[in-house]
Amino acid sequence: MSIIKIKDVIYEYLKRNEQGEVEESVQAVNGVTIDIEQGEFVAILGHNGSGKSTLAKHLNAILKPTSGTIYVKEMDTKDDSHLLDIRQTTGMVFQNPDNQIIGTVVEEDVAFGPENLGVPTKEIWERVLKSLESVNMTAYREHSPNKLSGGQKQRIAIAGVVAMEPECIVLDEPTAMLDPIGRKDVIEAVHELNREKKITIILITHNMNEVIDADKVYVMDHGKVVLKGSPREIFREVETMKSYGLEVPASTELAYQLKKAGVNIRTDILTKEELVEQLCQLN
């Protein structure tokens, strides 16, 4: 069953002069059609300016299509009467966690969302505890967010969204400002939410290593979806990915270069473990 249907979506930014007159329109999303099934982990890749973040903002009606339609559980995002239900269904996590954290204590910050939804007090604190457990941050519930690392802050931002009990979470470049350890922690937390709670995950990123375990990958360029498939199907297209300004995982790149040099090796390798296994099998 589809939780999100994106059909023929076009979005144009309008540039206006000082008099408010439209001088130019820029098409950031151009005819995108994607179906996302309940419980899937979907990654959307693309270089800066490819339209992936603009598309992400459509998924809980921050932006609305210039033309085309987006349905979230059969609710049209252009219908303002569904706005609250859409935003309860699809939660957003942005690049900079400081833009989402507003509380002076971690547990109060996580409680903010469900409190605004009118959730009874007893249930709010039950949700806070479960949400912090889901991202392994229970030990920090009474800490100040300002004293946490970037990765810990991002996990708190995710917990704040989880506490609102969405069926889908959209993460727009959630690890862009983090160090390698922080990136690893956040991606592991997101995968656990997908596996354990069956939350649909839509990850917007340009980091290839973050999407190796995704169910589906979509690659965007100049506002269009130019590639779609499993991670193996996408990353074995090394030259095509490079033509769109994107790299592939290091192990995939090395396997590709070895193949070019005449080594009999698979080109759909994703991890270093797979690469080592392949090399050990060579005569």
Side-chain angles (χ1 to χ4, degrees), residues 34 36-37 39-53 56 93 95 135-136 149-151 154-155 158 169-196 199-221 224-283:
I34 296 174
I36 297 172
E37 299 294 317
E40 281 188 319
F41 192 115
V42 173
I44 301 178
L45 295 174
H47 58 73
N48 291 337
S50 64
K52 63 187 188 301
S53 290
V93 177
Q95 184 179 115
V135 295
N136 297 313
S149 69
Q154 193 63 285
R155 280 191 279 166
I158 293 170
I169 298 178
V170 181
L171 301 106
D172 185 11
E173 301 275 11
T175 65
M177 302 179 67
L178 306 181
D179 61 25
I181 294 173
R183 286 199 295 270
K184 182 174 180 288
D185 287 348
V186 168
I187 294 303
E188 284 181 353
V190 171
H191 273 290
E192 189 168 340
L193 290 172
N194 178 247
R195 287 192 304 267
E196 302 297 328
I199 294 175
T200 304
I201 299 295
I202 303 170
L203 175 65
I204 313 295
T205 184
H206 61 260
N207 188 319
M208 304 301 111
N209 292 316
E210 292 177 0
V211 308
I212 286 173
D213 296 318
D215 296 312
K216 291 179 185 174
V217 179
Y218 294 86
V219 178
M220 292 187 67
D221 185 68
K224 295 182 178 181
V225 172
V226 292
L227 288 174
K228 61 181 179 180
S230 68
R232 288 195 193 281
E233 291 169 334
I234 294 296
F235 290 134
R236 71 186 177 199
E237 302 294 335
V238 176
E239 292 300 330
T240 302
M241 289 290 282
K242 289 181 178 180
S243 74
Y244 294 125
L246 298 170
E247 298 298 324
V248 297
S251 296
T252 310
E253 174 70 26
L254 181 53
Y256 173 73
Q257 295 298 337
L258 288 170
K259 185 76 171 181
K260 282 179 66 176
V263 177
N264 184 20
I265 191 170
R266 283 170 34 211
T267 56
D268 63 349
I269 287 170
L270 295 177
T271 67
K272 63 183 179 182
E273 290 79 12
E274 290 178 339
L275 180 61
V276 168
E277 183 181 351
Q278 279 282 293
L279 292 174
C280 289
Q281 291 175 4
L282 296 176
N283 294 326

[X] versus [Y]: any side-chain heavy-atom pair under 4.5 Å?
X      : Y      : answer
Leu45  : Met241 : yes
Val93  : Val170 : no
Lys259 : Asn264 : yes
Ile201 : Val42  : no
Leu282 : Val263 : yes
Leu203 : Ile44  : no

- Under the side chain to side chain contact (heavy atoms under 4.5 Å, CB included) criterion, do Arg236 and Tyr256 qualify, and how do the steps go? CA-CA 8 Å; Arg236 71 186 177 199; Tyr256 173 73; over 6 Å; no
- Message: Run Asp213 and Phe41 through side chain to side chain contact (heavy atoms under 4.5 Å, CB included) and show every step you take.
- Response: CA-CA 8 Å; Asp213 296 318; Phe41 192 115; over 6 Å; no
- Item | Residue that, paired with Pro249, satisfies side-chain contact (heavy atoms from CB on, under 4.5 Å) out of Asn207, Asn209, Thr271 |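 When Asn207, Asn209, Thr271 are each tested with Pro249, the side-chain contact (heavy atoms from CB on, under 4.5 Å) holds only for Asn209.
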Roughly how far apart are [X] [atom1] and [Y] [atom2], rounded to 0.5 Å?
X      : Y      : atom1 : atom2 : value
Leu171 : Leu193 : CG    : CG    : 9.0 Å
Glu237 : Ser243 : CD    : OG    : 10.0 Å
Ile169 : Ile158 : CD1   : CD1   : 7.0 Å
Leu254 : Ile269 : CG    : CD1   : 8.5 Å
Ile265 : Gln281 : CD1   : CD    : 9.5 Å
Thr252 : Phe235 : OG1   : CZ    : 7.0 Å

Looking only at atom types and distance, does a side-chain atom of [X] sit under 3.5 Å from a main-chain N or O of [Y], one as donor and one as acceptor?
X      : Y      : value
Gln154 : Gly151 : no
Arg183 : Thr175 : no
Asp172 : Gln95  : no

- Task: Dump the intermediate steps for side chain to side chain contact (heavy atoms under 4.5 Å, CB included) on Ile202 and Ile36, then the final yes or no.
- Result: CA-CA 9 Å; Ile202 303 170; Ile36 297 172; 3.4 Å; yes
- Message: Before you tell me yes or no, could you show the steps for Glu210 and Thr205 under side chain to side chain donor-acceptor pair (under 3.5 Å), namely the whole-Å CA-CA distance, both residues' side-chain angles and the distance that decides it to 0.1 Å?
- Response: CA-CA 8 Å; Glu210 292 177 0; Thr205 184; 3.0 Å; yes
Which heavy-atom pair separates [X] from [Y] by the least distance, and what is that distance?
X      : Y      : answer
Val135 : Ala189 : CG1-CB, 4.3 Å
Val211 : Ala43  : CG1-CB, 3.3 Å
Gly39  : Asp215 : O-OD2, 4.4 Å
Val217 : Ala214 : CG2-CB, 4.3 Å

- Item | Test side chain to side chain contact (heavy atoms under 4.5 Å, CB included) applied to Leu246 and Val219, step by step | CA-CA 9 Å; Leu246 298 170; Val219 178; 3.7 Å; yes
- Check: His47 ring centre within less than 6.0 Å of Tyr244 ring centre: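 No; Tyr244 has its ring centre 6.0 Å or more from that of His47.
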- Tell me yes or no: between the side chains of His206 and Glu173, is some donor less than 3.5 Å from an acceptor?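 The answer is yes; a qualifying pair exists.
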- Task: Only counting residues at least two apart or in another chain, list the ones meeting salt bridge (Lys or Arg N to Asp or Glu O under 4.0 Å) with Arg266.
- Result: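 Arg266: salt bridge (Lys or Arg N to Asp or Glu O under 4.0 Å) contacts with Asp268.
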- Heavy-atom count around Lys228 NZ within 6.0 Å, excluding the residue itself: above 12?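 Incorrect, the count does not exceed 12.
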- Message: Among residues at least two apart in sequence or on other chains, which ones pass side-chain hydrogen bond (donor to acceptor under 3.5 Å, both in side chains) with Lys272?
- Response: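 For Lys272, no residue satisfies side-chain hydrogen bond (donor to acceptor under 3.5 Å, both in side chains) once neighbours in sequence are set aside.
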- Carboxylate-amine/guanidinium contact Arg155 Glu188, below 4.0 Å: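 Salt bridge between Arg155 and Glu188, a charged N being under 4.0 Å from a carboxylate O: no.
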- Message: I'd like to know if Arg232 and Glu274 make a salt bridge, using a cut-off of under 4.0 Å between side-chain N and carboxylate O.
- Response: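 Yes, this pair counts.
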- Task: Go through Lys242 and Glu253 one step at a time and tell me if the salt bridge (charged side-chain N to carboxylate O under 4.0 Å, His left out) criterion holds.
- Result: CA-CA 11 Å; Lys242 289 181 178 180; Glu253 174 70 26; 3.1 Å; yes
